[in-house]
Peer 1: 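Please find one structure pasted underneath; my questions will follow.
The figures that follow rest on heavy atoms only: side chains count, while hydrogens, waters and symmetry mates do not.
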Amino acid sequence: MKAKTGFNLRTVCGENIIVAEGKENIDFSNIISMNESSAYLWKQVQDMESFTNEDLAQLLTEEYEVDYDTALIDANQLSAQWLQAGIISE
């Protein structure tokens with residue numbers, strides 16, 4: 001998977017949101033809110049050439065007190081949400 005360009009994390013009124021920037025995203029009308037851990041992951045993957053759910057799970061275990069299996073379940077769910085929102089590609 002790869003993070004699409006033009007979607008940047010911003011903090012607005014204390015909330016982490018993805019903001020669409022650039023001409024290619026001009027019609028983007030959804031606001032994507034992220035909790036602390038998903039915002040952390042987004043920051044990590046934005047500059048990666050590509051990433052997997054396993055990469056996301058590893059990042060979670062390094063930053064938070066969570067076991068790998070739980071982190072992988074969370075990573076699978078999060079990447080599915082990101083795909084549905086159109087902010088990453090497979």
Side-chain angles (χ1 to χ4, degrees):
M1 293 173 280
K2 181 164 178 47
K4 290 184 179 178
T5 58
F7 294 100
N8 298 307
L9 184 67
R10 301 282 185 253
T11 302
V12 178
C13 296
E15 188 169 340
N16 294 311
I17 62 168
I18 294 291
V19 176
E21 298 175 352
K23 291 180 186 176
E24 65 276 5
N25 300 319
I26 198 136
D27 291 332
F28 187 76
S29 59
N30 294 328
I31 294 176
I32 300 169
S33 179
M34 293 195 173
N35 64 19
E36 179 185 334
S37 57
S38 61
Y40 163 75
L41 290 174
W42 184 257
K43 289 176 191 174
Q44 300 306 308
V45 302
Q46 269 192 306
D47 295 326
M48 290 179 151
E49 189 68 29
S50 66
F51 63 90
T52 64
N53 288 332
E54 291 76 12
D55 295 329
L56 295 177
Q58 185 61 41
L59 288 166
L60 285 171
T61 61
E62 291 170 2
E63 184 70 14
Y64 300 98
E65 292 183 21
V66 60
D67 65 90
Y68 182 82
D69 292 335
T70 301
L72 186 57
I73 291 168
D74 292 346
N76 289 329
Q77 291 172 346
L78 181 61
S79 66
Q81 291 172 350
W82 285 356
L83 279 168
Q84 184 177 11
I87 62 174
I88 64 171
S89 59
E90 291 188 88

Peer 1: Check Lys2 against Glu49 and note the closest heavy-atom contact, atom names and distance.
Peer 2: CD-O, 3.2 Å
Peer 1: Enumerate the residue pairs fulfilling side-chain hydrogen bond (donor to acceptor under 3.5 Å, both in side chains) with a member in residues 36-45, sequence neighbours excluded, ordered by first and then second residue.
Peer 2: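 Qualifying pairs, neighbours excluded: Asn35-Ser37, Asn35-Ser38.
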Peer 1: Do Ser50 and Met1 come within less than 4.5 Å of each other through their side chains, counting heavy atoms only?
Peer 2: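 They are not in side-chain contact.
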Peer 1: Would you give the length of the straight line joining atom OG of Ser79 to atom CG of Asn53, rounded to the nearest 0.5 angstrom?
Peer 2: 3.5 Å
Peer 1: Supply the atom-to-atom distance Asn16 CG to Ile32 CD1, rounded to the nearest 0.5 angstrom.
Peer 2: 12.5 Å
Peer 1: With a cut-off of 3.5 Å and sequence neighbours excluded, list every side-chain donor-acceptor pair involving residues 56-65.
Peer 2:
| residue | atom | partner | partner atom | Å |
| --- | --- | --- | --- | --- |
| Gln58 | NE2 | Glu62 | OE2 | 3.2 |
| Thr61 | OG1 | Gln58 | O | 2.8 |

Peer 1: Can you give each donor-acceptor pair under 3.5 Å made by side-chain atoms of residues 82-90, sequence neighbours left out, with the distance rounded to 0.1 Å?
Peer 2:
none

Peer 1: Quick check against the 3.5 Å criterion: does Thr52 have a side-chain atom that pairs as donor or acceptor with the backbone of Asp55?
Peer 2: yes
Peer 1: Should Leu72 and Met48 be regarded as members of a common hydrophobic cluster, given that ILVMFWY residues are connected when their side-chain heavy atoms come within less than 4.5 Å of each other, either directly or indirectly?
Peer 2: no
Peer 1: Return the set of residues passing side-chain hydrogen bond (donor to acceptor under 3.5 Å, both in side chains) with Asp74 (not counting sequence neighbours), or none when no residue passes.
Peer 2: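 Here no residue qualifies.
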Peer 1: If the condition is side-chain hydrogen bond (donor to acceptor under 3.5 Å, both in side chains), which residues does Asn8 pass it with, not counting sequence neighbours?
Peer 2: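 Partners of Asn8 under the side-chain hydrogen bond (donor to acceptor under 3.5 Å, both in side chains) test: Glu21, Gln46.
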Peer 1: Could you list who else is in Ile73's hydrophobic cluster, with ILVMFWY side chains joined at under 4.5 Å, directly or through other members?
Peer 2: none
Peer 1: So with a 6.0 Å cut-off around CG of Asp47, is the heavy-atom count from everything else above 12?
Peer 2: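 No, because the 6.0 Å sphere around CG of Asp47 holds 12 heavy atoms or fewer from other groups.
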Peer 1: Return the CG to CG distance between Leu78 and Leu41, rounded to the nearest 0.5 Å.
Peer 2: 6.0 Å
